[in-house]
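Down below is the structure, laid out as C-alpha coordinates.
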Amino acid sequence: MTDPERLYTTVCNDEGQYSIWPDGKVVPAGWTVIGTRDTKENCLDYIRRTWTDLRPRSLRSWMGE
(Lines give C-alpha, C1' and ligand atoms only; values in the text may rest on other atoms or scores of the structure.)
Protein backbone atom coordinates (compact mmCIF):
# COMPACT_ATOMS: atom_id res chain seq x y z
CA MET A 1 0.00 0.00 0.00
CA THR A 2 1.34 3.41 -0.96
CA ASP A 3 1.41 6.18 1.60
CA PRO A 4 -0.33 9.18 -0.03
CA GLU A 5 1.62 11.53 2.26
CA ARG A 6 5.04 10.20 1.22
CA LEU A 7 7.18 12.65 -0.74
CA TYR A 8 9.31 11.88 -3.77
CA THR A 9 11.85 13.68 -5.91
CA THR A 10 12.07 13.61 -9.68
CA VAL A 11 15.38 12.28 -10.99
CA CYS A 12 16.99 12.04 -14.42
CA ASN A 13 19.96 10.05 -15.71
CA ASP A 14 22.59 10.88 -18.35
CA GLU A 15 20.41 9.33 -21.04
CA GLY A 16 17.58 11.76 -20.29
CA GLN A 17 15.38 9.09 -18.72
CA TYR A 18 13.19 10.18 -15.80
CA SER A 19 12.04 8.45 -12.65
CA ILE A 20 10.92 9.23 -9.11
CA TRP A 21 12.81 8.42 -5.95
CA PRO A 22 11.61 8.38 -2.33
CA ASP A 23 12.55 11.65 -0.65
CA GLY A 24 15.27 11.25 1.94
CA LYS A 25 16.87 8.19 0.33
CA VAL A 26 20.24 8.44 -1.35
CA VAL A 27 19.82 8.81 -5.11
CA PRO A 28 21.69 6.05 -6.97
CA ALA A 29 24.86 6.85 -8.91
CA GLY A 30 24.11 8.10 -12.40
CA TRP A 31 20.88 9.84 -11.41
CA THR A 32 20.45 13.54 -10.65
CA VAL A 33 17.64 15.21 -8.72
CA ILE A 34 15.93 17.61 -11.13
CA GLY A 35 12.61 18.34 -9.49
CA THR A 36 11.32 19.42 -6.18
CA ARG A 37 9.89 17.27 -3.43
CA ASP A 38 6.24 16.46 -4.05
CA THR A 39 3.65 13.69 -3.95
CA LYS A 40 4.09 10.66 -6.16
CA GLU A 41 1.25 11.73 -8.44
CA ASN A 42 2.59 15.27 -8.87
CA CYS A 43 6.07 13.96 -9.67
CA LEU A 44 4.62 11.55 -12.22
CA ASP A 45 2.55 14.36 -13.75
CA TYR A 46 5.74 16.42 -14.11
CA ILE A 47 7.44 13.50 -15.88
CA ARG A 48 4.48 13.02 -18.23
CA ARG A 49 4.65 16.69 -19.24
CA THR A 50 8.44 16.83 -19.52
CA TRP A 51 9.62 13.48 -20.87
CA THR A 52 7.87 13.48 -24.23
CA ASP A 53 10.50 11.55 -26.22
CA LEU A 54 11.15 8.26 -24.46
CA ARG A 55 14.18 7.34 -26.55
CA PRO A 56 17.50 7.47 -24.69
CA ARG A 57 19.65 10.53 -25.47
CA SER A 58 22.31 8.34 -27.14
CA LEU A 59 19.73 6.93 -29.57
CA ARG A 60 18.40 10.41 -30.40
CA SER A 61 21.99 11.55 -31.09
CA TRP A 62 22.71 8.50 -33.20
CA MET A 63 19.57 9.23 -35.24
CA GLY A 64 20.75 12.78 -35.80
CA GLU A 65 18.15 14.58 -33.71
Side-chain angles (χ1 to χ4, degrees):
M1 183 171 180
T2 302
D3 178 2
E5 300 296 318
R6 182 172 192 125
L7 295 178
Y8 292 83
T9 55
T10 305
V11 295
C12 186
N13 66 18
D14 292 340
E15 286 288 335
Q17 299 166 312
Y18 288 76
S19 188
I20 62 172
W21 197 253
D23 187 50
K25 295 214 176 206
V26 176
V27 175
W31 292 86
T32 304
V33 174
I34 59 155
T36 57
R37 297 174 0 156
D38 212 330
T39 64
K40 182 177 183 177
E41 193 55 42
N42 286 343
C43 288
L44 292 174
D45 284 342
Y46 172 82
I47 291 172
R48 283 195 265 303
R49 290 189 316 270
T50 305
W51 190 20
T52 57
D53 188 342
L54 301 183
R55 297 173 296 167
R57 182 174 286 126
S58 58
L59 177 60
R60 292 191 312 264
S61 294
W62 181 79
M63 295 178 77
E65 295 179 25

Kindly give the heavy-atom pair with the smallest separation between [X] and [Y], and that separation in Å.
X   : Y   : value
Q17 : W51 : CA-CZ2, 3.7 Å
T36 : C43 : O-SG, 4.3 Å
V11 : I20 : CG2-N, 4.3 Å
T9  : D23 : CG2-OD1, 3.6 Å
Y18 : T10 : CD2-CG2, 4.1 Å

So, taking the atom named OG1 in T39 and the one named CZ in R6, what distance separates them when rounded to the nearest 0.5 Å?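 These two atoms lie 13.0 Å from each other.
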Which value, rounded to the nearest 0.5 Å, describes the distance between I47 atom CD1 and T52 atom OG1?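 Rounded to the nearest 0.5 Å, the CD1-OG1 separation comes out at 13.0 Å.
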Does a side-chain heavy-atom distance below 4.5 Å link W31 with N13?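 A side-chain contact exists here, since the closest heavy-atom pair is under 4.5 Å.
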Does D14 have more than 12 heavy atoms from other residues, nucleotides or ligands lying within 6.0 Å of its CG?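 Atom CG in D14 is not crowded, with 12 or fewer foreign heavy atoms closer than 6.0 Å.
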Following the transitive rule for hydrophobic clusters with a side-chain heavy-atom cut-off under 4.5 Å over Ile, Leu, Val, Met, Phe, Trp and Tyr, establish whether I34 and Y8 coincide in one cluster.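 Linked, I34 and Y8 end up in one cluster.
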